[in-house]
Amino acid sequence: MKQLVKERIIIFIQQCCVLKLSEDFYIHAYNTISYFCRMSTKKVRVRFAPSPTGGLHLGGVRTVLYNYLFAKQNNGDFIVRIEDTDQTRFVAGAEEYIFKCLEWCGLTPDESPLHGGSYGPYRQSERKENYRKYAEELVEKGFAYYAFDTAEELEAKRKEIANFQYSQHTRSSMKNSLTLSAAAVETLLNNHTPHVIRIKMPENEHISFTDMIRGEVSFNSSQVDDKVLLKADGMPTYHLAVVVDDHLMQISHAFRGEEWLPSAPVHILLWQYLFGLENMPQWAHLPLILKPDGNGKLSKRDGDRLGFPVFAMDWTDPKTNETTTGFKEKGFLPEAFVNMLAMLGWNDGTDKEIFPLQELVEKFSLDRVHKGGAKFDYEKAKWFNHEWIKKLPTANLQWQVAGLLKAGGIQVSDEHALEKVIAITKERCTFLNDFTEQASFFFKRPAIIDIDAVRPKWNEQKNLFFTELIRTYRLTQFWQAADLEKDFKEIAAVNTIKPGELMLPLRIMLVGGKFGPGVFEIAEILGKEETVSRIEHVLSLLEH
RNA sequence: GGCCGGUUCGUCUAUCGGCUAGGACAGCCCCCUUUCACGGGGCAAAGACGGGUUCGAUUCCCGUACCGGCUACCA
């Protein structure tokens with residue numbers, strides 16, 4: 001059935017050609033129709049292809065996210081392929097780190113070096129043998145050539161000619177299989193002379209494709225240089241590797257950052273030469289995430305400079321031993337981090353901003369992804385986190401807060417109390433780490449008491465009030481916030497002191513500082529003994 | 001410089017030719033709250049510019065400006 005439709009479409013296209021419609025029309029119609037043909041037949045397979053050279057940038061995580069959302073929405077596979085073709089940039093631990101970040105975000109790959117799959121290996125360094133034959137096939141077909149120029153020679157050229165590019169305009173003056181005799185090339189090759197394989201960009205050819213986000217994008221091949229496909233060390237460059245592996249791994253849709261747009265014509269040509277355009281994945285070039293101030297791509301340095309994380313998790317550079325704080329360690333919830341990233345360049349068309357991952361899977365659509373880059377707004381990121389802390393059920397926060405308190409030397413034994421504490425403090429926590437300040441005093445008498453907030457206005461009358469309060473609290477049968485407040489106000493009235501004069505002292509006695517939830521709610525959770533004891537303690541401090 | 005892409009409040013964005021241009025973050029003010037928050041209400045704040053097309057352009061087209069990306073045997 002599908003085959004039949006396909007054949008009819010081809011006939012239609014041929015008729016269009018007979019009608020002498022413009023070439024652009026033909027190309028566009030072909031792209032569109034072949035896209036639909038593939039959509040109906042091919043399983044959705046997407047890939048995130050990071051280069052393990054350091055911390056995982058938030059832009060990278062967003063690319064992962066969009067890949068993931070698209071795959072899951074279409075019952076497809078999400079693959080992680082490690083692009084480690086540059087051996088000079090190998091960084092120990094970077095790969096493991098990437099997977100830890102993905103795990104934290106809850107974006108689990110279906111296939112990867114860690115998760116397995118039937119299209120492995122998933123590290124390009126382990127697929128080295130694959131690439132040379134494709135590069136040589138291109139040479140044989142006349143679409144590529146050997147180049148023997150040394151690094152020094154190239155550097156000299158660049159010095160000599162401003163904006164030098166190895167291209168159809170300059171290749172005739174270089175040392176390559178197009179300028180050298182066949183015998184000379186043969187000799188050089190036999191002598192294992194270091195060489196690369198470069199694509200031979202055709203002259204004045206119109207190259208275009210339909211980007212899922214930007215629509216039709218076109219280039220003229222004369223403007224594109226002869227990119228290296230296979231390096232002297234036998235490793236492929238990104239250009240060759242991405243095409244070969246996307247083909248071998250049956251990738252149906254390829255998402256990547258906008259910075260790749262200029263090299264798209266190289267990839268398209270490679271697809272055309274090697275595997276056929278009809279098998280090429282659909283491209284989507286994602287908008288960039290920009291610096292909040294000034295301009296340009298957001299970088300790790302901007303985070304350092306402006307005081308916010310850029311990496312998903314803490315990253316320690318193995319060379320300098322320097323650690324860069326990540327969103328996780330800063331106190332972000334993965335739900336909030338993912339939600340925030342999703343909204344940086346996408347929306348569902350309504351005013352809704354808070355989305356759990358599952359809902360993103362359902363609602364995500366590429367045609368609602370923005371074309372323009374977005375400046376990163378840390379304030380908004382914090383807002384997302386705050387919203388998620390408030391939204392998440394207490395139970396989901398409990399173990400994390402317990403961990404935080406434990407790190408601060410507080411072992412929580414009363415789970416029920418912790419639950420109550422989280423419930424009444426979470427609205428004032430922007431970061432998970434804020435729970436340390438907001439919750440600690442419930443379980444441990446405050447080490448620092450802001451006595452100066454009380455002392456200036458302290459007097460004997462107040463002293464008597466609190467003494468009486470202690471007496472009353474000791475005797476009370478009901479230890480509920482409402483009752484405690486009632487008793488408090490009654491005693492205040494009898495002593496003719498405004499409750500307002502006494503609330504802050506009580507807060508300081510129980511909390512240590514001017515923060516926290518309602519003071520009687522705090523007392524309720526602290527319990528009779530602890531509340532009375534803390535009041536007595538501060539009272540004794542005030543006597544001196 | 002060349003090529004490619006982009007351009008709505010300070011920021012993220014809505015609008016798929018009818019706009020008194022909506023929402024959110026941040027800012028400011030008020031209410032609630034005898035802490036800090038949460039919450040509620042309000043204020044201020046935008047279509048880069050110039051041409052077309054159209055009864056009507058933020059929306060479509062073309063220029064210009066500006067911003068960004070790329071221009072490595074890095075990804």
Side-chain angles (χ1 to χ4, degrees), chain A residues 49-53 83-86 88-89 124 147 149-151 154-155 158 162-167 194-198 211 213-214 217-220 222-225 227-239 241-242 256-265 285 287-288 290-297 340 343-354 367-368 370-384 386-387 390 424-430 434 437-438 450 453 498-504 506-508 511 513-519:
Chain A
S51 179
T53 52
E83 307 230 334
D84 54 351
T85 53
D86 187 353
T88 63
R89 294 216 299 168
Q124 288 183 330
D149 318 85
T150 64
L154 287 171
E155 203 179 317
R158 293 202 178 93
N163 302 322
F164 171 80
Q165 287 207 310
Y166 209 118
S167 71
H195 63 277
V196 301
I197 294 179
R198 285 181 183 270
D211 185 277
I213 293 170
R214 286 148 216 284
V217 183
S218 59
F219 306 83
N220 185 305
S222 299
Q223 303 287 348
V224 185
D225 59 329
K227 293 267 182 253
V228 169
L229 302 178
L230 198 76
K231 303 188 257 190
D233 63 1
M235 278 288 200
T237 59
Y238 173 80
H239 307 296
V242 75
R256 58 179 11 170
E258 196 190 339
E259 71 267 30
W260 289 108
L261 211 40
S263 52
H285 290 87
L288 265 17
L290 277 9
K291 300 174 195 293
D293 63 342
N295 301 301
K297 263 200 289 189
M340 177 272 290
M343 303 310 288
L344 217 53
W346 175 86
N347 69 82
D348 76 338
T350 72
D351 290 339
K352 195 172 154 69
E353 292 189 279
I354 302 297
D367 42 59
R368 292 205 64 88
H370 246 249
K371 294 184 182 78
K375 286 184 184 167
F376 178 65
D377 182 357
Y378 188 49
E379 291 306 317
K380 187 84 184 221
K382 276 155 62 173
W383 175 79
F384 273 107
H386 193 19
E387 290 300 307
K390 283 187 289 174
I424 64 168
T425 53
K426 64 182 184 179
E427 65 210 23
R428 55 207 88 204
C429 294
T430 299
D434 290 343
E437 187 190 38
Q438 293 293 336
D450 185 7
K498 280 187 244 163
E501 303 261 318
L502 302 161
M503 296 282 263
L504 185 67
L506 180 60
R507 172 173 295 281
I508 299 293
V511 178
K514 289 189 255 187
F515 63 92
V519 74

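The chains referred to below are lettered A, B, ... by the order of the sequence lines, with proteins before strands, and numbering in each begins at 1.
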Let's see if you can work this out: which of B:A26, B:A24, B:C74 has an atom nearest to the side-chain heavy atoms of A:Asp86? B:C74
Spacing of the P atoms in B:G5 and B:U53 (rounded, Å): 26 Å
Just how far, in rounded Å, is C1' of B:A24 from CH2 of A:Trp346? 15 Å
Walk me through it: do A:Asp377 and A:Lys375 pass the test salt bridge (Lys or Arg N to Asp or Glu O under 4.0 Å)? CA-CA 6 Å; A:Asp377 182 357; A:Lys375 286 184 184 167; over 6 Å; no
Check every atom of B:G22, B:A24, B:C73 against the side chain of A:Asp351 and return the nucleotide holding the closest atom. B:G22
Could you check which of B:U13, B:A75, B:C25 has an atom nearest any side-chain atom of A:Tyr238? B:A75
With heavy atoms under 4.0 Å as the rule, sort A:His285 into base, sugar-phosphate or nothing. nothing
I want to check something: taking the side chain as every heavy atom from C-beta on, are A:Pro287 and A:Arg214 in contact at a cut-off of under 4.5 Å? yes
In whole angstrom, give the distance that lies between atom CD of A:Glu353 and atom C1' of B:U13. 8 Å
Paired with B:G47: which nucleotide, if any, by Watson-Crick or G-U wobble criteria at under 3.5 Å for both distances? none
On RNA chain B, does the nearest nucleotide to A:Asp225 precede the nearest nucleotide to A:Glu83 from the 5' side, or the other way round? Give the residue. A:Asp225
Polar atom pairs between nucleotides 67-70 of chain B and protein, under 3.5 Å, N or O only, would you list them?
residue : atom : partner  : partner atom : Å
B:C67   : O3'  : A:Asn295 : ND2          : 3.3
B:G69   : OP1  : A:Lys297 : N            : 3.2
B:C70   : OP1  : A:Lys297 : NZ           : 3.2

Looking across every strand, which nucleic acid part, if any, lies under 4.0 Å from A:Arg368 by heavy atom: base, sugar-phosphate, or nothing? sugar-phosphate
B:U71 P sits how many Å from A:Phe164 CZ, rounded? 15 Å
Write down the distance between CZ (A:Arg256) and C1' (B:C4), rounded to a whole number of angstrom. 13 Å
Are any of A:His239's side-chain N or O atoms less than 4.0 Å away from OP1 or OP2 of B:C73? no
d(A:Glu83 CD, A:Arg89 CZ) to nearest 0.5 Å is 11.5 Å
Counting any heavy atom closer than 4.0 Å, what does A:Thr85 reach on the DNA or RNA strands: base, sugar-phosphate only, or nothing? sugar-phosphate
Residue matched to B:C70 through Watson-Crick or wobble contacts both under 3.5 angstrom: B:G2
Length of the line joining A:Gln124:CD and B:A75:P, which is rounded to integer Å: 9 Å
CZ of A:Arg507 to CG of A:Asp450: how many Å apart, nearest 0.5 Å? 12.0 Å
With the side chain of A:Ala374 defined as its heavy atoms from C-beta on, choose the nearest nucleotide among B:A75, B:G23, B:U13. B:U13
In terms of the angle between their ring planes, are A:Tyr166 and A:Phe164 parallel, tilted or perpendicular, with boundaries placed at 30° and 60°? perpendicular
Would a 4.5 Å heavy-atom cut-off, applied to side chains only, mark A:Met235 and A:Gln124 as touching? no
Inter-residue atom distance A:Ile354.CD1 - A:Met340.CE, 0.5 Å rounding: 11.5 Å
Working to the nearest 0.5 Å, report the span between NE2 of A:His370 and CZ of A:Arg368. 8.5 Å
What's A:Ala232 touching, base or sugar-phosphate or nothing? Going by heavy atoms closer than 4.0 Å. base
When the distance from CZ of A:Phe219 to P of B:G2 is rounded to whole Å, what number comes out? 17 Å
Between B:U8 and A:Lys371, is there an OP1 or OP2 to side-chain N/O distance shorter than 4.0 Å? no
Please give the distance between the P atoms of B:G27 and B:U20 as a whole number of Å. 32 Å
Using the six-membered ring of A:Phe515, assess whether NZ or CZ of A:Arg428 lies under 6.0 Å from its centre and within 45 degrees of the ring axis. no
Partner of B:G39 under the Watson-Crick or G-U wobble criteria, both distances under 3.5 Å, comes out as B:C31
To the side chain of A:Trp383, which of B:C73, B:G6, B:A24 is closest? B:A24
Considering only the P atoms, how many Å lie between B:U58 and B:A75, rounded to the nearest integer? 46 Å
Mind checking if A:Asp293 touches a base, just sugar-phosphate, or nothing, with heavy atoms under 4.0 Å? nothing
Give A:Val228 one of three labels, base, sugar-phosphate or nothing, depending on what nucleic acid heavy atoms sit under 4.0 Å from its own. sugar-phosphate
Under 4.0 angstrom, heavy atoms only, what part of the nucleic acid is A:Asn163 near: base, sugar-phosphate, or nothing? base
C1' gap between B:C19 and B:U8, integer Å: 13 Å
Nucleic acid footprint by protein, nucleotides 28-40 of chain B - heavy-atom cut-off 4.0 Å, B for base, S for sugar-phosphate alone: ------BBBBSS-
Could you classify B:C9 for me, syn or anti, using a glycosidic angle within 90° of 0 as syn? anti
Walk me through whether A:Glu155 and A:Arg158 qualify under salt bridge (Lys or Arg N to Asp or Glu O under 4.0 Å). CA-CA 5 Å; A:Glu155 203 179 317; A:Arg158 293 202 178 93; over 6 Å; no
Students often get this wrong, so: under 4.0 angstrom with heavy atoms, is A:Val224 touching a base, only sugar-phosphate, or nothing? nothing
Calculate, to the nearest 0.5 Å, the distance between atoms NZ and CG belonging to A:Lys380 and A:Leu344 respectively. 10.0 Å
Can you tell me how far P in B:C43 sits from the matching atom in B:C25, rounded to whole Å? 16 Å
Atom pair distance, as rounded to whole Å: CD in A:Gln165 and P in B:C73: 10 Å
Residue A:His370, side-chain atoms from C-beta onward, closest of B:U13, B:A72, B:A75: B:U13
Could you please name the partner base of B:C25, counting Watson-Crick and G-U wobble pairs only when both distances are under 3.5 Å? B:G10
Using whole Å, what does the distance between atom P of nucleotide B:U13 and atom CE of A:Met340 come to? 13 Å
Please measure how far the C1' atom in B:A48 lies from the corresponding atom in B:A37, and state the result in whole Å. 41 Å
What is the distance from atom CE of A:Met343 to atom CD of A:Glu353, rounded to the nearest 0.5 Å? 5.5 Å
When the C1' atoms of B:A46 and B:U7 are considered, how many whole Å apart are they? 12 Å
May I ask you to decide if the ring planes of A:Trp260 and A:Tyr238 are parallel, tilted or perpendicular, using 30° and 60° as cut-offs? parallel
Rounding to the closest angstrom, what is the interatomic distance between B:U13 and B:G47 at atom C1'? 13 Å
